[in-house]
Number of protein chains: 2
Amino acid sequence: MARRSTRQPSSTDDLDTRKAAILEAVVREHIDTAQPVGSSAVAATGHLAVSSATVRSEMVTLEREGYLAQPHTSAGRVPTDKGYRYFVDHLQAGVVGEAQQQQIKDFFANVRGEVEDVLAQTSTLLSQLTSYTSVVVGTGHAQSAILSTQLVSLDARHQLLVTVFADGSVTKHSVLSSFDVSHVEVAEASRQLNALLIGTVLDARVQVPSRLDHVATLVREAVATLHAEVPTLDGEQVFIGGSSKVAEAFDGVDTVRQVLAILEQELLVVSLVQDILDQGLSVAIGSEHGFEPLVSCAVIVAPVTIDGHPSGAVGLLGPTRMKYSEAMAAARAVSAQLTHHFDGDDRA
Amino acid sequence: MARRSTRQPSSTDDLDTRKAAILEAVVREHIDTAQPVGSSAVAATGHLAVSSATVRSEMVTLEREGYLAQPHTSAGRVPTDKGYRYFVDHLQAGVVGEAQQQQIKDFFANVRGEVEDVLAQTSTLLSQLTSYTSVVVGTGHAQSAILSTQLVSLDARHQLLVTVFADGSVTKHSVLSSFDVSHVEVAEASRQLNALLIGTVLDARVQVPSRLDHVATLVREAVATLHAEVPTLDGEQVFIGGSSKVAEAFDGVDTVRQVLAILEQELLVVSLVQDILDQGLSVAIGSEHGFEPLVSCAVIVAPVTIDGHPSGAVGLLGPTRMKYSEAMAAARAVSAQLTHHFDGDDRA
DNA sequence: TGTTAGCACTCAATTCTACTGAGTGCTAAC
DNA sequence: GTTAGCACTCAGTAGAATTGAGTGCTAACA
């Protein structure tokens with residue numbers, strides 16, 4: 001049960017049962033209706049046998065303590081980020097519905113294709129399951145050993161370095177040489193590259209030949225090109241599904257535009273997801289992720305592991321008033337299945 | 001100057017100079033303001049020395065002939081798809097502004113990385129230049145000869161078939177064998193695959209070995225896996241840039257959602273662009289592309305060729321009241337530069 | 001014959017008003 | 001501590017009046 005340690009350090013983060021029940025009712029109702037929730041509506045839920053007046057006075061407290069807010073004097077209450085946080089940490093508990101469970105099962109039973117395809121389709125699945133925009137992140141191959149490299153000649157000046165990693169990923173890098181290279185030379189360079197690189201990881205130091213002949217130069221250039229990838233987000237893959245859901249989930253064209261603009265910058269999305277995971281959170285609500293343009297969003301993440309070590313994540317992005325229970329359950333179910341899928345019998 | 005031959009076959013598609021001038025004024029103004037344009041606004045442009053009354057009577061004709069429409073009785077006129085079409089075919093003429101020309105130049109001077117990266121970045125560029133959503137399509141490698149294949153062993157049962165094509169594209173395919181395979185066998189299979197496939201195109205028939213030993217089986221499976229790709233859109237690549245612009249360009253959350261949903265289905269986008277190109281058009285306005293959900297959109301396309309043969313396209317998607325001149329000019333400029341880029345000195 | 005000024009007419013959009021009602025905070029009684 | 005009662009607030013709505021942009025028509029004009 002992750003919790004923010006920063007922000008509101010003074011609050012004890014504990015509510016008596018009744019306050020909690022009222023908060024829960026407000027959150028539930030507001031998620032449902034998108035409207036401010038009044039004291040009488042809470043009293044009418046029947047979960048607590050008190051009058052609206054009592055609810056009202058409790059609400060004043062809840063508001064003072066920062067769990068609720070009032071859009072204007074004569075309106076009901078709306079949960080704050082802190083209110084949602086309490087709800088998520090203490091109150092909600094979701095399971096995936098029968099039908100959805102089945103849908104997930106069917107999906108993973110039938111899905112085929114390369115890892116990338118599976119991830120992309122998973123993203124679509126998750127978005128369909130929840131009606132929120134989904135993000136699937138696959139970590140790069142920086143820590144994966146190189147299984148094989150091959151230098152292929154496109155023409156006299158252009159070679160293509162194709163590298164296969166132990167995790168099954170493949171990269172290609174163009175190598176432009178400043179002199180004409182024969183097929184024989186390319187083949188020899190390819191052989192040397194294999195000898196040099198097989199078994200190493202991307203950021204390992206390797207001993208490149210210092211000679212000045214064509215082959216050695218080619219080898220040096222190839223290694224340099226390959227290693228140039230390391231500093232950038234190496235081979236991180238992002239798959240975003242259901243970006244059209246953004247238009248449904250948020251009102252206000254401006255918010256929609258802003259969120260979409262963020263989603264376009266995939267690096268941002270990756271680091272956002274990574275940040276949240278690093279904090280040990282599974283949900284970041286509103287301002288919690290400290291990412292200004294997304295204050296009106298909540299982000300749910302669930303890690304995916306392969307053979308025990310972290311190798312990606314699935315995420316969901318929705319409005320702060322999203323259906324946490326369902327969405328979190330779906331994210332967890334999918335991430336578990338995904339983990340299972342890649343751990344399991346076939347890697348294809 | 002492409003023109004639709006279907007639809008409105010009765011119309012002569014010719015307007016006298018004054019009508020044309022009025023239509024032009026209406027289109028220009030409406031693109032600018034997004035509001036219906038009145039007769040006095042047209043008269044006030046100064047481009048024609050007549051009173052608003054005269055403009056009015058001409059507008060009645062233009063409306064009767066289908067170039068203009070009136071949202072309601074006491075409003076100005078708005079161009080119809082046909083009106084825009086006339087405008088595009090006869091009236092607009094755009095050049096790319098200094099600054100933009102420079103931006104394009106700078107971009108292509110500095111861009112580096114693999115083809116995919118270039119295309120993705122180009123898509124972003126085009127979207128930034130025009131403030132519309134851009135689509136960059138790269139055709140597949142179906143017609144490209146295979147330069148090299150390599151079978152790499154991930155573990156005893158899993159192999160990865162990596163194929164390099166003459167156009168510089170690389171594919172990977174998982175091959176799952178039903179028996180354990182040794183490294184030696186994989187190496188031998190890899191050698192045979194090379195012998196078999198190098199120089200062929202994807203949909204070519206190749207003579208696979210019919211023997212039943214491990215190596216032969218492996219070879220058969222690998223070839224089958226590779227060839228299974230042909231029927232689908234083989235290696236078509238789509239890069240969509242600036243989907244957030246959708247939220248700006250269209251009003252009405254519903255339209256935004258619909259357009260975004262279309263953009264998510266990349267196959268649809270590819271076939272849309274392809275359709276328009278096949279019709280010899282460079283712009284499809286509203287209902288012209290016959291694609292119901294996009295009736296409020298206009299799509300601009302410009303082909304990209306490599307070494308003379310068509311190998312992709314750049315496109316822009318905006319509202320029917322988009323800035324055709326600028327957008328078309330930008331699309332043309334970028335497609336030309338892209339063509340040049342890939343024809344030119346370096347392929348990287 | 002084509003053009004234009006003038007005018008009555010239409011109708012969306014705006015403004016204003018009054019009103020409604022959901023919801024509050026406070027208080028006094030239980 | 002709880003609750004009924006009440007005065008108060010204020011967004012939202014509905015209706016009426018007004019505005020004004022724009023039209024179509026007609027009659028006069030070059």
Side-chain angles (χ1 to χ4, degrees), chain A residues 15-80 83 251-252 321, chain B residues 15-80 83 251-252 321:
Chain A
L15 297 175
D16 64 61
T17 354
R18 197 168 67 184
K19 285 205 185 60
I22 291 173
L23 176 55
E24 180 178 1
V26 172
V27 173
R28 291 225 130 86
E29 185 73 11
H30 182 252
I31 285 176
D32 238 45
T33 63
Q35 299 288 325
V37 182
S39 55
S40 52
V42 172
T45 57
H47 290 238
L48 45 154
V50 290
S51 76
S52 66
T54 311
V55 173
R56 217 136 57 215
S57 70
E58 294 284 49
M59 278 172 136
V60 176
T61 319
L62 283 168
E63 182 172 1
R64 198 163 36 226
E65 293 181 359
Y67 295 96
L68 296 176
Q70 224 177 351
H72 58 86
T73 338
S74 70
R77 298 317 205 281
V78 157
T80 59
D251 29 29
R321 51 166 280 275
Chain B
L15 297 174
D16 64 60
T17 357
R18 198 168 66 185
K19 286 204 184 60
I22 291 173
L23 176 56
E24 179 176 2
V26 171
V27 173
R28 292 224 128 88
E29 186 74 10
H30 182 253
I31 286 177
D32 238 44
T33 64
Q35 300 289 324
V37 181
S39 54
S40 50
V42 173
T45 57
H47 290 237
L48 46 155
V50 289
S51 77
S52 68
T54 311
V55 173
R56 219 135 57 215
S57 69
E58 293 284 48
M59 277 173 137
V60 177
T61 320
L62 282 168
E63 183 172 3
R64 198 163 38 225
E65 292 180 1
Y67 294 97
L68 295 176
Q70 224 175 352
H72 59 84
T73 339
S74 71
R77 285 351 195 264
V78 157
T80 60
D251 28 29
R321 49 166 281 276

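Throughout, protein chains are lettered first and strands after them, A, B, ... in sequence-line order, and every chain is numbered starting at 1.
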Identify, with sequence neighbours excluded, every residue that meets salt bridge (Lys or Arg N to Asp or Glu O under 4.0 Å) alongside A/Glu24. A/Arg28
Among A/Ile31, A/Leu68, A/Val78, whose side chain to side chain contact (heavy atoms under 4.5 Å, CB included) with A/Val26 holds? A/Leu68
Distances for protein N or O near nucleotides 1-3 of chain C N or O, under 3.5 Å:
residue, atom, partner, partner atom, Å
C/dT3, OP1, B/Arg18, NH1, 2.6
C/dT3, OP2, B/Arg18, NH2, 2.9

Salt bridge (Lys or Arg N to Asp or Glu O under 4.0 Å) pairs, two or more places apart, involving residues 34-44 of chain B: none
Sort out for me which residue in B/Leu62, B/Thr61, B/Ile22 forms a side chain to side chain contact (heavy atoms under 4.5 Å, CB included) with B/Leu15. B/Leu62
Which pairs pass side chain to side chain donor-acceptor pair (under 3.5 Å) with one or both residues in residues 32-44 of chain A, sequence neighbours excluded? A/Ser39-A/Arg56
Who pairs with B/Ala21 by side-chain contact (heavy atoms from CB on, under 4.5 Å), at least two apart in sequence or on another chain? B/Leu48
Quick one: what's the B/S/- string for nucleotides 14-30 of chain D, heavy-atom cutoff under 4.0 Å, read 5' to 3'? -------BSBBB-----
List the atom of B/Ala43, the atom of B/Val50, and the distance in Å for their closest heavy-atom pair. CB-O, 3.8 Å
Measure CD/A/Gln35 against C1'/C/dG21 and give the value in whole Å, please. 14 Å
In chain order, what residues pass the side-chain hydrogen bond (donor to acceptor under 3.5 Å, both in side chains) check against A/Glu63, with sequence neighbours excluded? A/Arg77
When the rotation axes relating C1' atoms of four end pairs to the next four are compared across the helix from C/dT1-D/dA30 to C/dC30-D/dG1, five pairs an end, they differ to 10° by 20°
Test of understanding: with side-chain contact (heavy atoms from CB on, under 4.5 Å), list the residues that count as partners of A/Ala41, not counting sequence neighbours. A/Val37
Check side-chain contact (heavy atoms from CB on, under 4.5 Å) between B/Ser51 and all other residues, then give those that pass, not counting sequence neighbours. B/Ala53, B/Thr54
